[in-house]
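Numbering of residues begins at 1 and proceeds along the displayed sequence.
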Amino acid sequence: MDDRMNKSDKEEMAKEEKASVATDDEPEINYRGWKAMPFIIGNETFEKLGAIGTLANLLIYLTTVFNLKSITAATMINVFNGTTNFGTLVGAFLCDTYFGRYKTLGFATAASFLGLQAIQLTAAIPELHPHRCAAKESGECEGPTAGQLAFLLMGLGLMIVGAGGVRPCNLAFGVDQFNPKTEAGKRGIDSFFNWYFFTFTFAQMVSLTLIVYIQSNVSWAIGLGIPATLMFIACVVYFVGSKIYVKVKATGSPMTSVAQVIVVAIKKRKLKPVEQPWLSLFKYIPPKSINSKLPYTDQFRFLDKAAIVTPQDEIKGDGSPADPWRLCSLQQVEEVKCLFRVLPIWASQIMYCVTLVQLHTYAVFQAVQSDRRLGNSNFKIPAASYVVFMMLSLTIFIPVYDRAIVPFLRKIRGKEGGITILQRIGVGMFVSIFTMLVSGMVEKYRRSIALTKPTLGVVPRKGAISSMSASILIPQFILGGLTEAFASIGLIEFYYKQFPENMKSIGGSLFYCGLAGSNYFSSLLIFIIHRTTNRTATGNWLEEDLNKGRLDYYYYIIAGLGILNLGYFLLCASWYKYKGNSDNTPELELHVNGEKQQSDKP
């Protein structure tokens with residue numbers, strides 16, 4: 001719980017959370033607040049430990065146990081991550097439309113457990129994985145049979161189903177337990193966010209160090225059994241607390257309103273635009289709508305025709321349209337405009353996140369062929385554990401940014417956040433370019449050392465281990481953490497604030513969809529580079545043995561694409577109008593039903 005919460009706050013919260021909240025038309029809701037948190041936070045902690053504990057070292061598992069080539073394993077990981085992230089959009093839709101968060105989370109957590117258990121069995125049962133590859137520099141190793149690969153893919157498929165339900169719902173389900181109409185409930189929500197991200201950081205730390213070490217140095221069967229056991233505990237903890245949860249029912253898909261606006265705008269495409277649309281367009285807001293009222297904006301004006309009233313349109317006595325597929329309100333149109341304005345920014349996320357994908361794939365392969373010994377000892381840091389430096393960079397920088405940089409910029413610029421959300425994202429994209437340039441220079445140095453100086457042995461089926469210390473890789477991971485601190489967190493905040501309130505689940509899944517696009521684009525880029533350079537004089541840039549390839553050139557290409565993407569983003573950002581902010585609309589437009597519309601300016 002937040003340290004700032006004193007004793008009186010706790011007492012006040014306890015009283016308010018016990019109170020039942022009811023209206024004339026809605027049943028009583030008994031918010032249990034922090035009484036439900038041991039089950040929800042416990043479930044989230046064990047769930048993250050289980051999922052991250054398996055995925056953190058999955059790339060190494062595929063190359064060492066299943067004897068897959070590096071390029072095949074990297075592509076497989078990219079496709080898996082991409083499908084997992086796209087699955088969140090499906091999960092959010094099913095949750096909001098049909099099942100609600102409680103049922104979705106319960107089913108998804110169980111599916112995740114079954115998936116992790118299946119993957120653990122591929123390591124524990126010899127018949128479910130190929131024979132161990134001999135420790136030699138080159139030569140073909142026995143790959144997995146169709147049955148072995150099918151069983152592995154079944155486990156990964158179950159994990160996709162689980163992640164598709166957990167990721168868009170677990171944070172929102174925790175927030176559902178607090179009464180947002182009371183001060184104690186609002187403080188509880190703020191404190192819950194802190195605990196949520198703390199558990200995520202804790203899970204990453206444990207997974208990238210302890211669990212990865214057991215997998216790499218003790219036993220894959222034990223190392224993958226631990227995450228499966230933790231996920232089973234997550235299932236038990238979740239269902240034990242089911243009697244005290246607030247279970248918000250599904251209210252229908254908000255995408256229906258989006259579809260109505262698009263369909264009606266197409267039907268009325270031949271109508272002439274009206275003068276003073278902020279006055280002439282049809283206005284109606286449902287009494288129970290949770291969305292904030294939006295002022296008229298002059299972007300995407302072709303959608304305005306959906307709110308033009310024609311003689312054929314009928315209006316009910318309560319002011320609503322008789323047929324919502326023939327007439328939409330100005331509010332509906334502006335909500336769709338919010339969605340359309342976000343999409344160009346979202347497209348720029350795809351190229352930006354390609355940098356993050358490389359830090360979880362090829363940067364790990366760099367560590368494999370580097371000197372990972374800790375000091376003068378024989379202890380080797382697992383290659384996948386170097387990603388923890390990206391997480392540490394992110395964790396350390398966030399409080400520095402919040403406590404030092406933001407107040408400083410606030411004094412200079414006079415803005416509440418110091419800089420706008422889009423400016424924050426732009427800074428992160430610039431740092432991502434620098435990250436790839438540094439990665440390329442480090443790889444060039446690592447390869448040069450491997451080819452010109454004595455090596456430290458051979459990695460089976462890969463090549464010689466460079467005598468360059470793997471600690472030199474740390475700066476590129478630190479830069480990766482900084483780019484996430486600016487751009488990734490900025491994008492999440494951007495989607496959350498710029499989407500209409502009834503689309504928050506979809507807005508939350510949009511970030512994961514961007515990651516999915518990045519994974520698929522990265523796979524496509526690997527395929528193109530591999531096919532293009534395979535027959536050139538310089539040879540394949542993405543060879544199994546990094547010493548024979550030119551991974552640095554690959555990094556430089558991503559940096560070049562990042563520069564183009566940054567230019568595209570700056571163009572979109574200069575055109576973007578924040579939700580609720582309309583500079584071209586008369587003051588009269590800000591009054592609806594006698595109430596002044598609040599402006600959500602950045």
Side-chain angles (χ1 to χ4, degrees), residues 1-2 5 9-48 88 91-110 162 164-200 234-254 287-291 496 499-509:
M1 192 180 297
D2 196 336
M5 188 176 294
D9 289 333
K10 294 178 182 178
E11 293 176 351
E12 176 190 352
M13 185 175 70
K15 293 178 181 179
E16 291 184 340
E17 300 300 354
K18 290 180 180 179
S20 295
V21 180
T23 63
D24 295 336
D25 302 320
E26 297 178 356
E28 293 185 350
I29 301 177
N30 187 19
Y31 292 96
R32 307 303 293 270
W34 283 103
K35 289 186 177 181
M37 288 305 104
F39 304 101
I40 293 178
I41 293 179
N43 163 261
E44 290 171 353
T45 302
F46 289 116
E47 186 273 330
K48 289 183 178 67
T88 60
F93 173 79
L94 294 175
C95 172
D96 290 341
T97 308
Y98 299 108
F99 304 115
R101 297 188 182 101
Y102 172 74
K103 292 181 179 179
T104 302
L105 274 174
F107 176 80
T109 305
V166 169
R167 290 183 180 181
C169 297
N170 58 357
L171 185 60
F173 184 68
V175 173
D176 288 342
Q177 310 311 309
F178 297 93
N179 184 358
K181 298 180 181 180
T182 65
E183 289 301 318
K186 293 176 181 177
R187 287 195 299 271
I189 292 173
D190 291 338
S191 185
F192 171 71
F193 275 108
N194 294 334
W195 277 105
Y196 179 86
F197 287 105
F198 172 79
T199 60
F200 181 75
C235 292
V236 173
V237 171
Y238 180 75
F239 287 110
V240 165
S242 60
K243 291 185 178 180
I244 66 172
Y245 296 148
V246 172
K247 303 169 186 176
V248 179
K249 296 181 179 179
T251 57
S253 174
K288 295 183 180 180
S289 174
I290 63 173
N291 293 349
Y496 182 82
F499 265 68
E501 284 76 2
N502 66 334
M503 296 186 190
K504 295 302 183 185
S505 296
I506 295 175
S509 67

Output yes when a side-chain donor or acceptor of K247 lies under 3.5 Å from a complementary backbone atom of S242, and no otherwise. yes
Note: L105 and G165 closest approach over all heavy atoms is CD2-O, 4.1 Å
Distance col, row S509:OG vs F499:CZ, nearest 0.5 angstrom, shows 7.5 Å
Shortest non-hydrogen pair, V246 vs Q177, comes out as N-OE1, 2.7 Å
**Report entry** F239 CZ: over 12 foreign heavy atoms closer than 6.0 Å
**Finding:** yes
Donor-acceptor contact below 3.5 Å, side chain T104 vs main chain R101:
no
_Aromatic ring pairing F173/Y238, orientation class (parallel under 30°, perpendicular over 60°, tilted between)_ = tilted
